[in-house]
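A quick write-up on the structure given underneath.
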Amino acid sequence: MNRQLLLLLCLLLSGGCQRSTTQERIVLTGSSTIAPLATELALAFEARHVGVRVDVQTGGSSRGILDARDGTADIGMVSRGLRDTERDLVPHEIARDGIAVIVHAANPVPALTTRQIVQIYRGATSTWDAVGGSAAAITVVNKAEGRSTLELFLQHFALANSDIAADVVIGDNEQGVKTVAGDPHAIAYVSVGTAEYDAAHGVPIRLLPLDGVEASCATVQRGLYPLSRPLNLITTAAPRGRVAEFIRFAQSEEADEIVRAQYFVPITH
């Protein structure tokens with residue numbers, strides 16, 4: 001068969017012998033705490049489901065709720081429990097995490113009391129020597145509005161966001177880690193999982209204990225750490241199809257290794 005006949009046959013039988021590029025797509029938006037874990041889960045899920053693409057986007061837990069509600073996202077990522085005003089949504093817990101106060105690894109202050117943390121964030125304590133450190137001014141790092149880490153930090157320490165005398169306002173956890181790693185006099189609060197992972201991989205930060213309890217995945221898992229939270233995927237109804245399959249995979253024992261690799265605590269099976 002000559003080349004012209006072969007080309008004609010391809011055009012007639014298969015629309016030009018082109019392979020279809022249509023993919024099923026699952027969109028997740030929301031919490032920057034969950035996003036790195038969701039990305040790894042997405043890669044593993046895609047490897048098991050050829051032709052499925054899982055798109056993970058950040059923007060904070062508030063974005064995850066808004067996007068799930070208006071259909072922009074199939075799944076929202078929310079790193080806290082749902083409020084009474086959010087009972088129209090269905091949570092699917094995939095892991096647990098804590099919130100850690102972090103300082104630079106070179107900071108000599110071994111721990112801070114709850115009162116000291118509150119005084120620092122209110123601006124009443126402005127230098128490290130007031131809490132056992134150097135005479136340097138404290139760089140207070142706060143989270144931006146819409147971040148569940150901010151909401152839980154404020155709730156735990158009985159603060160209002162207007163109370164906080166912030167020198168730097170950051171978005172995601174990695175911004176907080178990078179800010180503290182680059183400033184020996186900074187203090188911030190971020191995901192325990194993110195901070196523990198980065199510290200273990202050479203980033204010069206240190207997690208401070210809270211109420212005398214070490215900030216670690218191990219203490220979160222044992223229920224000892226006082227500032228912990230669920231990591232939820234949310235939908236507007238009982239999930240179906242590929243969305244349901246992805247959530248089941250994210251909650252499965254098969255996903256536990258991925259959860260631990262991201263320094264979070266797997267849910268109990």
Quiz item: In terms of side-chain geometry, is the basic nitrogen of E24 or R53 positioned less than 4.0 Å from the acidic oxygen of its partner?
Solution: no

Self-check item: Contact check, side chains of V109 and W128, non-hydrogen atoms, under 4.5 Å
Solution: yes

Self-check item: Co-membership, hydrophobic cluster, residues L154 and L152, 4.5 Å side-chain
Solution: yes

Quiz prompt | Check: Q119 side chain, R115 main-chain N or O, donor-acceptor pair, under 3.5 Å | solution = no

Self-check item: ILVMFWY cluster, Y121 and V103 together (side-chain gap under 4.5 Å)
Solution: yes

Quiz item: Is E245 salt-bridged to R242, going by a charged N under 4.0 Å from an acidic O?
Solution: yes

Quiz item: Can you tell if the side chain of I258 reaches within under 4.5 Å of the side chain of L37, non-hydrogen atoms only?
Solution: yes

Self-check item: Those residues that, when tested against H156, pass ring-ring contact (aromatic ring centres under 6.0 Å, His included) (two or more places apart)
Solution: none

Quiz item: So, D70 side chain and T72 main chain: donor-acceptor pair closer than 3.5 Å or not?
Solution: yes

Exercise. Using only heavy-atom distances, determine whether the side chains of S32 and T58 contain a donor-acceptor pair under 3.5 Å.
Key: no

Quiz item: Which of these passes side-chain hydrogen bond (donor to acceptor under 3.5 Å, both in side chains) with S191: T33, D172, T149, D97?
Solution: D97

Practice problem: Please report the shortest heavy-atom distance between T125 and A130, naming the atom on each side. | Solution: CG2-CB, 3.7 Å

Quiz item: If every non-hydrogen atom of D183 is compared with every non-hydrogen atom of H104, which pair is closest and at what distance?
Solution: O-CB, 3.9 Å

Quiz item: Taking atom CZ of R87 as the centre, does the number of heavy atoms from other residues, nucleotides or ligands within less than 6.0 Å exceed 12?
Solution: yes

Self-check item: Closest non-hydrogen atom pair between A165 and R122, with its separation
Solution: CB-O, 3.8 Å

Quiz prompt | Cluster check F157, V131: I/L/V/M/F/W/Y, side chain < 4.5 angstrom | solution = yes

Exercise. Answer yes or no: is there an ion pair linking E86 with R83, defined by an N-O contact shorter than 4.0 Å?
Key: yes

Practice problem: Mind checking side chain to side chain donor-acceptor pair (under 3.5 Å) for Y189 and listing every partner two or more places apart, or none if nothing turns up? | Solution: N142

Quiz item: Looking only at atom types and distance, does a side-chain atom of R96 sit under 3.5 Å from a main-chain N or O of L231, one as donor and one as acceptor?
Solution: no

Quiz item: Got a donor-acceptor contact below 3.5 angstrom from the R206 side chain to the N107 backbone?
Solution: yes

Self-check item: Any donor-acceptor N/O pair, D67 side chain to G64 backbone, under 3.5 Å
Solution: no

Practice problem: Please identify each residue that fulfils side-chain contact (heavy atoms from CB on, under 4.5 Å) with E145, with sequence neighbours left out. | Solution: L150, N161

Quiz item: Closest approach of A100 and L207, non-hydrogen atoms and distance?
Solution: CB-CD2, 3.9 Å

Practice problem: Start with the C-alpha distance between N173 and K178, add both sets of side-chain angles, then the distance that settles side chain to side chain donor-acceptor pair (under 3.5 Å), and finish with yes or no. | Solution: CA-CA 9 Å; N173 290 302; K178 288 176 182 176; over 6 Å; no

Exercise. Write down the atom of V56, the atom of A35, and the distance for their closest heavy-atom approach.
Key: CG1-O, 3.9 Å

Quiz item: Should the heavy atoms of other residues, nucleotides or ligands under 6.0 Å from OH of Y197 be counted, would the total exceed 12?
Solution: no

Quiz item: Looking only at heavy atoms, what is the nearest atom pair of L208 and A215, with distance?
Solution: O-CB, 3.6 Å

Quiz item: For E93, does the CD atom have more than 12 heavy-atom neighbours from other residues, nucleotides or ligands under 6.0 Å away?
Solution: yes

Quiz item: Same cluster for F153 and V140 if Ile/Leu/Val/Met/Phe/Trp/Tyr side chains link at under 4.5 Å?
Solution: yes

Self-check item: Inter-residue atom distance L28.CG - I75.CD1, 0.5 Å rounding
Solution: 4.0 Å

Self-check item: Gap between atom CD1 of I94 and atom CD1 of I267 - 0.5 Å precision
Solution: 8.5 Å

Practice problem: Measure the CD1-CD1 distance between I120 and I164 for me, rounded to the nearest 0.5 Å. | Solution: 12.0 Å

Quiz item: Is L112 close to L210 at the side-chain level, that is, under 4.5 Å between some pair of heavy atoms?
Solution: no

Practice problem: Using the six-membered ring wherever Trp is involved, compare the ring planes of H49 and F45 and label them parallel, tilted or perpendicular (cut-offs 30° and 60°). | Solution: parallel

Quiz item: Taking the side chain as C-beta and beyond, is there a heavy-atom pair between I117 and T113 under 4.5 Å?
Solution: no

Exercise. Would you indicate whether the side-chain heavy atoms of V78 and S31 approach each other to under 4.5 Å?
Key: no

Quiz item: Okay, side chain of S148, backbone of S61: is any donor-acceptor separation there less than 3.5 Å?
Solution: no

Self-check item: Atom pair CD1/CD of I102 and E196 - distance to nearest 0.5 Å
Solution: 12.5 Å

Quiz item: Is the side chain of K143 donor-acceptor paired with the backbone N or O of G171 at a distance under 3.5 Å, no angle test?
Solution: yes

Quiz item: Any side-chain heavy atom of T235 within less than 4.5 Å of one from D74?
Solution: no

Quiz item: Can you list every ring-ring contact (aromatic ring centres under 6.0 Å, His included) pair that touches residues 65-102, not counting sequence neighbours?
Solution: none

Self-check item: N232 side chain to R80 backbone, donor-acceptor under 3.5 Å
Solution: yes

Quiz item: Does any pair with a residue in residues 205-229 pass ring-ring contact (aromatic ring centres under 6.0 Å, His included), and if so which ones, sequence neighbours excluded?
Solution: none

Quiz item: Sequence neighbours excluded, which residues qualify as side chain to side chain donor-acceptor pair (under 3.5 Å) partners of T39?
Solution: none

Quiz item: Between V101 and I187, is any pair of side-chain heavy atoms under 4.5 Å apart?
Solution: yes

